[in-house]
Visitor: 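Sending over a structure as structure tokens; questions will come in a sec.
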Protein chains: 2
Amino acid sequence: MDKLTVRQQEVLGYLQLYQRRCGTWPSFREIESHFGFRSTNAVMGHLRALERKGYISRVPGQARTFRINLDLGDEERPREAMEVMDIPIYGNIAAGYPDGVESSGEIGRLQIDAGSAGVRRTRHCYALKVRGESMIDVGIFDGDIVVVDQRPPRDGDIVVALIDGESTLKRFMNRPGSAAYLKAENRNYPELHPVSELSIQGVATSVVRHL
Amino acid sequence: MDKLTVRQQEVLGYLQLYQRRCGTWPSFREIESHFGFRSTNAVMGHLRALERKGYISRVPGQARTFRINLDLGDEERPREAMEVMDIPIYGNIAAGYPDGVESSGEIGRLQIDAGSAGVRRTRHCYALKVRGESMIDVGIFDGDIVVVDQRPPRDGDIVVALIDGESTLKRFMNRPGSAAYLKAENRNYPELHPVSELSIQGVATSVVRHL
DNA sequence: CTTGACGGTGAACGGACGATCAGCTATACA
DNA sequence: TGTATAGCTGATCGTCCGTTCACCGTCAAG
């Protein structure tokens, strides 16, 4: 296939972009004004070149009608290797440890890269679908998915805690000079809970929400 | 949402079909001849009804231009195969196109599965690091990463919009009976913006926050 | 020195195409 | 018995928009 000039690539790119943004194709005059041309014939020249080189097709005389035969970014795409975790999503973790082996409450799976998610070991990691609004003030809503790393919490961490047999999100507070406690981040229900043995399941490292 | 008559469903279906087949939208006269009408006004009536009931949007006077807000078969979404996407994360998209070719502002990469992220095509998708607090009331904070799908927005979608040369998150409002506008979800700064040509970069489909 | 590709200006033409007005029938509703 | 709403005919108007013609510049190849 014939290679495109820089200008022709720009025009083709604009066609693709416009189509994706607006759901339709641009008119000659819209292309003209976007590139600052002062004649629609400049547009005509580029479109004819694109058609001659096989990148687009047209229906003569038909307004706002193109067809892209060869996409602009079809060649490059340097695929890098990166460690992607495939972790289970649970609806609740009332039981104790969700070990993967005995994972009954799995409601889906999540793929995310370990590095940016702040997770250390795949085996000790899972995701949890949030119920309730206990952390609404820090932007974690009902239905969100949190990635949980099973590691000891530090002061200020958001943790998954087992309270009354239910797993809930709380902030772990462990200021020097006083006993550690759990705190809900919801100004309407400012709960406080003591930290009991084995109540902390893990530390939330990431939040994912599908809009 | 108001219900459609049989005839109106047929017209909406024809719009969708034509778009899928031809990559563009039909003209009034093409719709007319397809249904055997003898007046373009018959077409006009149906399109006005579809718009009034919120199923489509139009740009008055613009040829072959529609936008489908409510798909005919929006219920049976066939659950796409789980596919991990590797997409770039940008800090800002002020320039114009984030094309991959000219991707200078890439600040990282994100791996996420396309199915649950609500994204359709890898090529038309990227991630954006949020700046500012314009969407703080819906739990999207400064520093969060949003997955952006480049597709036409529907009413209520959270979109990436180009305002004053900066890419910002806003909610796209397109209620039937009034002009579309953009709205910030921050009770302290309740901004409103008009929607201008090409100002909408894409629709936010997921939010990821690393705690 | 010519030739061709590339990129562009400026003006004019003509058809494609959406918008609108007037008027028609049929059905449902109250 | 009036009155909406859906659905459609037929004609006209105005403009959006693709096309074309004439012409001009630069640059590289033969």
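Quick note on labels: first sequence line is chain A, next is B, and so on, each numbered from 1.
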Visitor: Taking C-beta and beyond as the side chain, do B:R64 and B:Y18 meet within less than 4.5 Å on heavy atoms?
Guide: yes
Visitor: Over 60° means perpendicular and under 30° means parallel, so tell me whether B:F35 and B:Y14 are parallel, tilted or perpendicular.
Guide: perpendicular
Visitor: Could you check A:T40 against B:H46 and say which one's nearest nucleotide on DNA chain D is further toward the 5' end?
Guide: B:H46
Visitor: Do the side chain of B:R64 and the base of C:dG18 come within less than 3.5 angstrom through a donor-acceptor pair of N or O atoms?
Guide: no
Visitor: Could you check whether B:G45 gets within reach of a base, just the sugar-phosphate, or nothing at all, counting any heavy atom under 4.0 Å?
Guide: nothing
Visitor: Salt bridge check, B:E185 against B:K183: does any charged N sit closer than 4.0 Å to a carboxylate O?
Guide: yes
Visitor: D:dT15 phosphate, OP1 or OP2: any side-chain N/O from B:Q62 under 4.0 angstrom?
Guide: no
Visitor: Rounded to the Å, how far apart are B:R48 CZ and D:dT5 P?
Guide: 14 Å
Visitor: Within the modelled atom types, does a donor on one side and an acceptor on the other bring the side chain of B:S39 and the base of D:dG10 under 3.5 Å apart?
Guide: yes
Visitor: When the nearest nucleotide of DNA chain D is assigned to A:A63 and to A:N41 on a heavy-atom basis, which residue is associated with the more 5' position?
Guide: A:A63
Visitor: Assess whether one donor atom and one acceptor atom, taken from the side chain of A:R38 and the base of C:dG10, lie less than 3.5 Å apart.
Guide: no
Visitor: For A:F37 and A:H46: C-alpha separation, side-chain torsions, deciding distance, then whether ring pair (Phe, Tyr, Trp, His ring centres under 6.0 Å) applies.
Guide: CA-CA 12 Å; A:F37 298 152; A:H46 285 118; 5.8 Å; yes
Visitor: D:dC17 C1' sits how many Å from B:F28 CZ, rounded?
Guide: 16 Å
